[in-house]
Protein chains: 2
Amino acid sequence: MRVSLKDVAARAGVSIKTVSNVVNNYQHVTPAMRERVQQAIDELGYRPNLTARHLRQGRTGIIALALPELGNPYFAELAAAVIDAAALHDYIVLLDHTGGRREQEVLVSQGFRARVIDGLILSPIELEAEDLRERTENVPLVLLGERHYDLPYDHIAVDNVAAARTAVRHLIDLGRREVAFIGARRGHSQPAHLRLQGWREELLSAGLSVDDGLIATTEGWGHADGAAAMTRILETGRRPDAVFAYNDPIAIGAMRVLSERGMRVPEDVAVVGFDDVVEGHFGTVTLTSVSPDKEAIARMAVESVLARLSGKAPEPRRVWADYRLIARESTLGRSTQAGRST
Amino acid sequence: MRVSLKDVAARAGVSIKTVSNVVNNYQHVTPAMRERVQQAIDELGYRPNLTARHLRQGRTGIIALALPELGNPYFAELAAAVIDAAALHDYIVLLDHTGGRREQEVLVSQGFRARVIDGLILSPIELEAEDLRERTENVPLVLLGERHYDLPYDHIAVDNVAAARTAVRHLIDLGRREVAFIGARRGHSQPAHLRLQGWREELLSAGLSVDDGLIATTEGWGHADGAAAMTRILETGRRPDAVFAYNDPIAIGAMRVLSERGMRVPEDVAVVGFDDVVEGHFGTVTLTSVSPDKEAIARMAVESVLARLSGKAPEPRRVWADYRLIARESTLGRSTQAGRST
DNA sequence: ATGAAAGCGCTAACAA
DNA sequence: TTGTTAGCGCTTTCAT
């Protein structure tokens, strides 16, 4: 059986309180007493029971992070950043993935899987505002990512419309005129909506026409989806001279198809992705991408949760995280510069 | 303040136990009573306090998973698989990453970060047997991955020596004779030791010479490390006709360097990786790789922890997970077969 | 500086 | 079928 404070107290011949004082580094304990208790602790191999402590304190020191999918390197890298940011505040992270499915996202937002938590950071894909409006769970919730909700929750994201415009502007500046967008999603809810909007706005502001034939939807957000979408566009006979993809895996999947068909990147088709995952730095053609400041996003998300937890948070706010466009070979070509820049 | 069983009981005019019965779906409750209590629950928005339940039950339903780094897609994919496997048993997963640093691995194994857990799955890199021998923490521990320890803990891994031999055999069968190994590590502890050993054994058994000049060490396990190591080999003037890399990111980093120097894969240099991450399926040259059965590893890890938890585990054992070599363009070339095979 | 005792919210043994 | 109660291990007044 596990040893408790009581056992240590008995062993040391003191009260429970004294042991607790030692364990918690309470100031007013005589060195002699501290020594004596510590010895009992060591002999018995006592470890405090955190569950009991949590019950008593009304908090667990755990925050949950629910992401669409860990297989996507962007989310994996983000998860790592959140774990580190939480550790700075002595919090640990419970990880869940939703598959980007609404049903699963609702369950998570309601605390179905993890109710042992002090707070929740959720990156929704299909979740609707109404789902959140019905939320009864009362642990602090912070939203991450692209969707916009007009709801009283903190929301941390890059300005997707502006970032998308930056990406498309880059392509236009390079002289491209037929810019496809890959990664819109089927169905009513459009998580890619804002990036698509940025694509559209920038094309219009450049005096170019917006052609729906150059928008390709995908089922998911992986390499295979990008490959399938690119294939579909090419099979309609369209020959865009540039592609702006919803994210890097989709962009890389698309580049693979271009390569299979003998089209050169960027000479024939320039490609820009989104998320700046490491994978994009090392392909045969390195990938130009919009790079969100993941560390800042993670840090702000954790801090938002903790602020709300301590009650000293301002009203719910939307926070924009930094981003920058990193141009690499998929738009500049290999000769132009060092290919593997960060 | 949060509502408790007591509040609900007062509201419904029944005892605490009755409410508890309803919450836990205890059989012997009259429908009328259930109805009445449920109504009080709904009105008050009661949610059980899991911390209290855990304290009472002596378990939390949480297992921790400590991986070297989430940025490595293999570990990210493995984490996803563990989360799913745990969910099947109503367990949730607390995620931590160690950076593969011994100090951090020791802390994790001692339960420093997360003592709210019922069990721990740890994938060590630098951790030494002696560290584990000194372990005082008593939550079940299951080891994952490549290292071998002669210690009373369950250990789940693919047979790295055999898997490495399979990979090298594949290269030899294709007629390659100068097979480099990239990804050995500096320092005393050699996490890549077994794969290196397999490389050596297979070369010898094929009657080829083992040339230490074809072994390149790396600091880490990422793309950049593979690129640096490949560069180093080439700058010694060596021209291997094949590369076996410790893992896929290293292999992909190496291929990038080959491409920069105008060497063709696989015509000039055939490349085999390890882990079969999705990224390898979509490069300009898709990557031949050893594919461990991640789902099986995750499942067995979770089941091992739970078995030990319930006390009905046999003596600690080493379990081999399945693997297979998946040949793609980086050894077969593009024409030979469909490039993006899974 | 240390001790006694209450109670966090829940489950389960026992009683009615 | 439902109620009473002890206690999981800890922190925290309140005494001493």
Side-chain angles (χ1 to χ4, degrees), chain A residues 1-41 44-62 90 111 114-118 137-139, chain B residues 1-41 44-62 90 111 115-118 137-139 309:
Chain A
M1 195 41 213
R2 217 176 147 124
V3 301
S4 73
L5 276 189
K6 198 160 33 170
D7 303 319
V8 178
R11 175 79 165 223
V14 298
S15 83
I16 266 185
K17 173 59 167 34
T18 305
V19 182
S20 173
N21 283 342
V22 172
V23 171
N24 292 291
N25 269 309
Y26 181 65
Q27 297 299 342
H28 307 286
V29 184
T30 55
M33 178 60 89
R34 185 180 298 278
E35 165 76 14
R36 181 163 135 216
V37 171
Q38 188 58 53
Q39 187 171 341
I41 289 178
L44 268 43
Y46 167 78
R47 320 292 304 271
N49 178 324
L50 291 206
T51 303
R53 186 178 284 174
H54 293 163
L55 174 58
R56 185 57 231 240
Q57 297 182 150
R59 54 174 287 275
T60 62
I62 303 177
D90 285 319
R115 277 176 329 237
V116 223
I117 59 174
D118 291 343
E137 182 63 42
N138 49 6
V139 314
Chain B
M1 194 43 214
R2 221 176 142 122
V3 301
S4 74
L5 276 189
K6 200 161 28 170
D7 303 319
V8 178
R11 174 80 166 222
V14 299
S15 84
I16 256 185
K17 174 57 166 38
T18 304
V19 182
S20 173
N21 283 342
V22 171
V23 171
N24 292 291
N25 269 311
Y26 180 65
Q27 296 301 340
H28 308 286
V29 183
T30 55
M33 177 61 87
R34 185 179 299 278
E35 165 78 13
R36 182 163 134 215
V37 171
Q38 189 59 51
Q39 186 171 343
I41 289 178
L44 268 42
Y46 167 79
R47 319 293 304 269
N49 178 324
L50 291 207
T51 303
R53 186 178 286 174
H54 294 162
L55 174 58
R56 182 60 231 238
Q57 296 182 150
R59 53 174 288 274
T60 62
I62 303 178
D90 285 318
R115 279 179 324 243
V116 221
I117 60 174
D118 292 341
E137 181 63 42
N138 51 6
V139 313
L309 215 47

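Model, not experiment: these values are computed from the prediction.
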B:K6 has an atom NZ; how far is it from atom P of D:dT4, in whole Å? 13 Å
Rounded distance (nearest 0.5 Å) linking atom OH of B:Y46 with atom CG of B:L44: 11.0 Å
Considering all heavy atoms of both residues, which atom of B:R47 and which atom of A:E137 are nearest to each other, and what is their separation? NH1-OE1, 2.7 Å
Positions of residues 51-62 of chain A (non-hydrogen atom under 4.0 Å from DNA chain C), listed by number: A:L55, A:R56
Side-chain contact, heavy-atom cut-off 4.5 Å: B:V23 with B:R53? yes
Indicate yes or no: at least one non-hydrogen side-chain atom of A:S4 is less than 4.5 angstrom from one of A:N49. no
Please give me the minimum heavy-atom distance between B:I62 and A:I62, naming the atom from each residue. CD1-CD1, 4.4 Å
What residues from residues 18-38 of chain B pass a heavy-atom cutoff of under 4.0 Å to DNA chain C? B:S20, B:N24
Contact summary for B:T51 and A:V116, nearest pair of heavy atoms: OG1-CG1, 3.9 Å
Between atom CG in B:D7 and atom C1' in C:dC10, what is the gap in whole Å? 13 Å
Under 4.0 Å between a side-chain N or O of A:S4 and OP1 or OP2 of D:dG9? no
For the pair made of CD1 in A:I16 and P in C:dG7, what is the distance, rounded to whole Å? 16 Å
OG1/B:T18 to CG/B:L5 distance, rounded to the nearest 0.5 angstrom? 10.5 Å
To the nearest 0.5 Å, atom CD of B:Q57 lies from atom CG of B:D118 at 10.0 Å
Closest approach of B:V37 and B:A12, non-hydrogen atoms and distance? CA-CB, 4.3 Å
Give the rounded distance in Å between these two atoms: CG of B:L5 and P of C:dA12. 12 Å
Locate the shortest heavy-atom distance separating B:R34 from B:V22; write the atom from each residue and the value. NH1-O, 3.9 Å
Taking only nitrogen or oxygen atoms into account, show me every contact under 3.5 Å that the protein makes with nucleotides 13-16 of chain C, one pair per line with its distance.
none

Residues B:I16 and B:A9: closest non-hydrogen pair is N-CB, 3.8 Å
